[in-house]
Amino acid sequence: MQSSSYIHLADADQTSAAGAALGQALLQIRMDHPFIVHLNGELGAGKTTFVRGLLHAMGHADAVRSPTYTLIEPYEFARDAMQLPVLQVIHMDLYRLADAAQLDELGVRDMLLPDTVLLIEWAARAGTRLPPADLAINLVYPDEHLQGRNLQWIASSAAANQLLQHMQPKYSTGP
């Protein structure tokens with residue numbers, strides 16, 4: 001049930017807008033299990049810019065800090081208007097993770113709850129300590145003649161495909 005699509009993002013504003021589209025869609029669906037998003041890309045590819053757009057679209061008005069040093073930044077969003085439970089969003093940056101076992105010390109297993117979204121930068125550093133991604137977002141620089149970056153969505157679960165169907169058409173992978 002894996003599907004994927006690519007889009008070109010010309011600049012940071014478009015990267016943020018792609019994150020915003022995902023954030024708006026996340027507010028509209030009920031999740032019976034934790035929803036895992038892997039954010040892949042080299043340093044400076046726009047992972048945190050994407051997350052900033054996502055969080056602002058969901059209603060977070062304050063600055064969005066990269067969890068490079070804290071490893072985990074939690075957020076909470078009310079969805080009362082749609083009679084859905086509160087949505088927990090946990091932004092993780094595992095770049096500085098010393099060892100995958102450190103995730104146990106951080107209590108990550110306790111975060112794997114319904115209506116929880118884990119946005120994980122550098123997820124490969126977790127080894128097998130986290131469930132596989134429902135949605136992988138790959139941000140890569142195109143060749144040197146093209147500015148911006150390319151974004152690839154890879155939906156690996158029914159929940160991810162449902163989520164992408166809620167997004168704006170230009171970001172959707174289709175049925």
Side-chain angles (χ1 to χ4, degrees), residues 1-4 18-41 45-60 62 64-139 151-167 171 173:
M1 171 174 289
Q2 187 173 12
S3 63
S4 69
L22 180 59
Q24 291 166 352
L26 285 167
L27 287 173
Q28 297 176 28
I29 65 169
R30 168 132 180 120
M31 296 168 211
D32 295 328
H33 62 84
F35 190 81
I36 310 295
V37 179
H38 289 183
L39 296 155
N40 305 308
K47 297 179 295 293
T48 300
T49 299
F50 182 91
V51 171
R52 185 175 299 115
L54 181 147
L55 293 171
H56 284 165
M58 295 176 87
H60 182 72
D62 295 330
V64 174
R65 297 180 300 182
S66 173
T68 300
Y69 295 101
T70 60
L71 301 180
I72 296 173
E73 288 290 334
Y75 302 88
E76 191 172 278
F77 299 96
R79 303 186 292 177
D80 297 334
M82 292 176 256
Q83 298 181 338
L84 292 171
V86 168
L87 181 67
Q88 303 289 326
V89 177
I90 300 166
H91 183 196
M92 302 172 70
D93 185 335
L94 304 182
Y95 183 75
R96 297 192 185 281
L97 195 68
D99 181 84
Q102 190 177 1
L103 288 173
D104 297 336
E105 297 168 19
L106 294 170
V108 172
R109 286 186 195 188
D110 295 333
M111 298 173 197
L112 299 174
L113 301 169
D115 290 301
T116 300
V117 177
L118 273 69
L119 305 169
I120 308 168
E121 297 183 34
W122 304 97
R125 295 183 187 253
T128 59
R129 292 219 187 300
L130 291 173
D134 291 289
L135 180 65
I137 298 169
N138 301 320
L139 292 159
L151 181 147
Q152 178 188 28
W153 309 97
I154 302 173
S156 298
S157 69
N161 281 304
Q162 176 191 6
L163 179 72
L164 292 178
Q165 289 175 6
H166 279 83
M167 294 173 63
Y171 298 114
T173 59

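Here D134 contributes atom CG and I154 contributes atom CD1; the two are 13.0 Å apart, rounded to the nearest 0.5 Å. The line from CG of L39 to CD1 of I120 is 8.5 Å long, rounded to the nearest 0.5 Å. A distance of 7.0 Å separates CG of L103 from CZ of R129, quoted to the nearest 0.5 Å. From Q152, atom CD reaches atom CG of N40 across 9.5 Å, with rounding to the nearest 0.5 Å. Once rounded to the nearest 0.5 Å, the distance linking CG of L22 with CG of L151 reads 9.5 Å. Between T116 atom OG1 and L112 atom CG the span is 8.0 Å, to the nearest 0.5 Å.
For the pair M31 and L163, the minimum side-chain heavy-atom distance is 4.5 Å or more. Looking only at side-chain heavy atoms (C-beta outward), L130 and H38 stay at 4.5 Å or farther from each other. Between L135 and L164 the shortest side-chain heavy-atom distance falls below 4.5 Å. Put simply, the side chain of I137 reaches to within 4.5 Å of the side chain of W153, judged on heavy atoms. The closest side-chain heavy-atom distance from L71 to Q102 is below 4.5 Å. Taking the side chain as every heavy atom from C-beta outward, Q88 and P34 never approach each other to under 4.5 Å. Two residues are said to be in side-chain contact when any heavy atoms from C-beta on lie closer than 4.5 Å; I72 and V108 meet this criterion.
Residues A100 and A126 share a closest heavy-atom pair of CB-O, 3.5 Å. Taking all atoms of both residues into account, the shortest heavy-atom contact from L27 to A57 is CD1-O, 4.3 Å. The minimum heavy-atom distance linking G23 with M58 is given by the pair O-CG, 3.5 Å. Across all their heavy atoms, L118 and M92 have their closest contact at CD2-SD, 3.8 Å. Nearest heavy-atom pair across A160 and A155 is CB-CB, 3.7 Å. Heavy-atom minimum distance, H33 versus A159: NE2-CB, 4.0 Å.
In this pair, H60 and F77 present their aromatic rings perpendicular. The plane angle is above 60°, beyond the 30 to 60° band.
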Subject >> Audit row: L139, T49, side chain to side chain contact (heavy atoms under 4.5 Å, CB included) steps and yes/no >> reply: CA-CA 11 Å; L139 292 159; T49 299; over 6 Å; no
Original post:
Is there a side chain to side chain contact (heavy atoms under 4.5 Å, CB included) between D115 and V86 once you walk through the steps?
Top reply: CA-CA 7 Å; D115 290 301; V86 168; over 6 Å; no
**OP:** Go through the steps for E121 and Y95 under the test side chain to side chain contact (heavy atoms under 4.5 Å, CB included), then give the verdict.
**Re:** CA-CA 7 Å; E121 297 183 34; Y95 183 75; over 6 Å; no
**OP:** For F35 and I29, run side chain to side chain contact (heavy atoms under 4.5 Å, CB included): C-alpha distance rounded to whole Å, both residues' side-chain angles, the deciding distance at 0.1 Å, then the answer.
**Re:** CA-CA 11 Å; F35 190 81; I29 65 169; 5.6 Å; no
